[in-house]
**Student:** 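Starting off with a structure, shown below.
First listed ligand is number 1; within each ligand, the first listed atom is number 1. The basis for the numbers below is simple: all heavy atoms, side chains too, and nothing from hydrogens, waters or symmetry mates.
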Amino acid sequence: MRVLVVGGGIAGSAVALAVANLGMQATLVERRGAHDPNEGSWITVAPNGLDALAALGVLDRARAIGHPTVTNRMYGATGRHLGDVSLGVPLEDGSVALTMKRSALAALLTQAAAEAGAELRFGTRCDAMSDDGHSVSFTLGDGSTLAGDVLVGADGVRSTVRTRLDAAAPTARYVGLTNFGGITPGSRLAAELTPQAWHFVFGRRCFFGAHPLSTGEVVWFANVPRAEITRAERTATSAERWLAWLGTLASEDAGPAAELLATGRLELAGDNTHDLAHVPTWWRGATVLIGDAAHAPSPSSGQGAAMALEDAVVLSRCLAQDPRRALAAYEQKRRERVEAIVRAGARSSSAKIPGQVGRVVQEAMLRVVFASGLAARSTNAITAHRLAEEVCL
Ligand SMILES: Cc1cc2nc3c(=O)[nH]c(=O)nc-3n(C[C@H](O)[C@H](O)[C@H](O)COP(=O)(O)OP(=O)(O)OC[C@H]3O[C@@H](n4cnc5c(N)ncnc54)[C@H](O)[C@@H]3O)c2cc1C
């Protein structure tokens, strides 16, 4: 069986690796060049995502690029501790969530896929595709055509494969938050903040997260509620101006934000946060969607990459067991779980936007939620999922 994959992010790289591991041929096209492991934002891969990495045979390699992370510590704008939420149920061997560069994970997966025999074509765009129900093909930017048995659309939240499957498919929703990320080297806060924890501040004008690394660096991000940032504004605004603006927004809040912003550098600027809750058509004929193309939780869920990894493992197992029924079985296994996670992510995003209730009331409500164990139970339910339990057909 030959599997054609459009997109070489986390989902596409993982599915190319997964099918190659199971003895199938995989050809992946990615319009960008090969991943630079040092670029872009940081993500935390929760234990259920680690379980998928173990199924892909790369958990040890992921440990080498990741930083263990066990807790989310929540604070209010005045520095009041609102509660702690564990990052989920560790694997049986004790592995806890790992914080890493998203690009480093993608680079690791593409490297492993190439080693497993997958053909990877970076800097190659898929321009058109066809599917007669039994075989598929796609046309590349240079005009050449490749044929296969299954086409996997792993082309992200703005997927064109999705609209090829269903011209009326929904597009992503802006959740009302912009995203900035950065790193502060050599900060005294690296030793002062609790190790292996994200420190979250529900600030007056922005939500801020910081994670100290054992290297002496502190990784951080800021979510600012506002209208979407346009391409023109992004182009016209320098990193220094964004940092100064973020510093002003965080200036009245207690916690590490002001200091980290003043001494740090931006790695992600002016990203608009989207989610995509329900895509009616996940597959048709021999074409199927995975990852953000099918279901995109907002980053606040901390689950987008983990979901993409789970998708890749489940789809590859379904294809290996019974190609004829594989796509229906994959959807049946995945849809309910991922859609529930997108809904949970939407609630987490809303909590970052100070609403009409006001800050003091919001903090009181958050304290009740964290003390009640509601947030912990929800995280545990999501992160305790193990793929060894999956039988596809
Ligand atoms: C700021 C931020 C923080 C996040 N934090 C977390 C976190 O802590 N934990 C977590 O689990 N998840 C997190 N996520 C979510 C996670 O990063 C995504 O869900 C995940 O990376 C999606 O992977 P994907 O491969 O489906 O899509 P993408 O990463 O978007 O990859 C799609 C790829 O397809 C390529 N492509 C598109 N069209 C074509 C074409 N026609 N031809 C060839 N190639 C094409 C694109 O170039 C791209 O490389 C975060 C996301 C953001 C934005």
**Student:** Could you tell me if the side chain of Asp275 sits less than 4.5 Å from the side chain of Pro297, heavy atoms only?
**Tutor:** no
**Student:** Is it true that Arg73 and Thr194 share a donor-acceptor pair across their side chains at a distance under 3.5 Å?
**Tutor:**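 Yes, a side-chain donor-acceptor pair sits under 3.5 Å.
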**Student:** Does the side chain of Thr44 pick up a donor-acceptor pair with the side chain of Thr69 at under 3.5 Å?
**Tutor:** no
**Student:** Measuring from non-hydrogen atoms of Thr124 to any atom of ligand 1, is the shortest distance under 4.0 Å?
**Tutor:**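 Flag set, Thr124 near ligand 1.
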**Student:** Connecting only ILVMFWY residues whose side-chain heavy atoms lie within less than 4.5 Å of each other, what is the rest of Leu268's hydrophobic cluster?
**Tutor:**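 Once heavy-atom contacts under 4.5 Å are chained together, Leu268 still belongs with nothing else.
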**Student:** Judging by distance only, is a nitrogen or oxygen of Thr44 under 3.5 angstrom from one on ligand 1?
**Tutor:**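 Yes; at least one N/O pair falls below 3.5 Å.
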**Student:** Salt bridge between Asp292 and Arg102, side-chain N to carboxylate O under 4.0 Å?
**Tutor:**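 So Asp292 does not pair with Arg102 through a salt bridge.
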**Student:** Examine the proximity of ligand 1 to Asn179 and report which part, side chain or backbone, both or neither, has a heavy atom under 4.0 Å away.
**Tutor:**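 Under 4.0 Å from ligand 1, Asn179 contributes side-chain atoms alone.
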**Student:** With the threshold set at 4.0 Å, does a side-chain nitrogen-carboxylate oxygen contact exist between Glu92 and Arg386?
**Tutor:**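 Salt bridge absent between Glu92 and Arg386.
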**Student:** Do Arg2 and Glu119 have side chains that approach each other closer than 4.5 Å (heavy atoms only, starting at C-beta)?
**Tutor:**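 They are in contact (side-chain heavy atoms under 4.5 Å apart), so the answer is yes.
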**Student:** Any nitrogen or oxygen of Ser41 lying under 3.5 Å from a nitrogen or oxygen in ligand 1? Just yes or no.
**Tutor:** no
**Student:** Are side-chain N/O atoms of Glu339 and His295 paired as donor and acceptor at under 3.5 Å?
**Tutor:**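 There is no such pair (donor and acceptor under 3.5 Å, judged by atom type) between the side chains of Glu339 and His295.
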**Student:** One residue to check: Arg31. Relative to ligand 1, which of side chain, backbone, both or neither has a non-hydrogen atom less than 4.0 Å away?
**Tutor:**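 For Arg31, the contact with ligand 1 is made by both the backbone and the side chain.
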**Student:** Mind checking side-chain hydrogen bond (donor to acceptor under 3.5 Å, both in side chains) for Thr184 and listing every partner two or more places apart, or none if nothing turns up?
**Tutor:** Trp220
**Student:** Hey, is Ala154 touching ligand 1 through its side chain, its backbone, both or neither, going by heavy atoms under 4.0 Å?
**Tutor:**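 Within the 4.0 Å criterion, Ala154 contacts ligand 1 through backbone atoms alone.
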**Student:** Before signing off on this row, confirm whether Ala305 and ligand 1 have an N or O atom pair separated by under 3.5 Å.
**Tutor:** yes
**Student:** What is the closest protein heavy atom to atom 30 (O) of ligand 1, and at what distance does it sit?
**Tutor:** Gly156 CA, 3.6 Å
**Student:** Any nitrogen or oxygen of Cys126 lying under 3.5 Å from a nitrogen or oxygen in ligand 1? Just yes or no.
**Tutor:** yes
**Student:** Considering distance alone, does some N or O of Arg125 sit under 3.5 Å from an N or O of ligand 1?
**Tutor:** no
**Student:** Can you tell me which portion of Arg158 lies within the under-4.0 Å heavy-atom range of ligand 1? Options are side chain, backbone, both, or neither.
**Tutor:**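 Looking at Arg158 and ligand 1, no heavy atom falls under 4.0 Å.
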**Student:** In terms of atom number and element, which parts of ligand 1 are under 4.0 angstrom from non-hydrogen atoms of Leu268?
**Tutor:**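 Numbered from 1, ligand 1 contributes 1 (C).
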**Student:** Give a yes/no verdict on whether any heavy atom in Val45 is under 4.0 Å from an atom of ligand 1.
**Tutor:**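 No, Val45 has no heavy atom closer than 4.0 Å to ligand 1.
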**Student:** Ignoring hydrogens and geometry beyond distance, is a side-chain donor-acceptor pair present between Gln25 and Asp149 at under 3.5 Å?
**Tutor:**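 No, Asp149 and Gln25 have no side-chain donor paired with an acceptor closer than 3.5 Å.
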**Student:** If we only consider heavy atoms of Gly49, is any one of them less than 4.0 Å away from an atom in ligand 1?
**Tutor:**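 No, that is not the case, since the closest heavy atom of the residue is not under 4.0 Å from the ligand.
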**Student:** Going by heavy-atom distance to atom 25 (O) of ligand 1, choose the closest among Gly153, Ala11, Gly7.
**Tutor:**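 Answer by nearest heavy atom: Ala11.
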**Student:** Before signing off on this row, confirm whether Pro297 and ligand 1 have an N or O atom pair separated by under 3.5 Å.
**Tutor:** no
**Student:** Is ligand 1 under 4.0 Å from a heavy atom in the side chain of Asp127, in the backbone, in both, or in neither?
**Tutor:** neither
**Student:** Nearest 0.5 Å please: distance from the CG atom of Asn272 over to the CD1 atom of Ile229.
**Tutor:**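 If I round to the nearest 0.5 Å, the distance is 5.5 Å.
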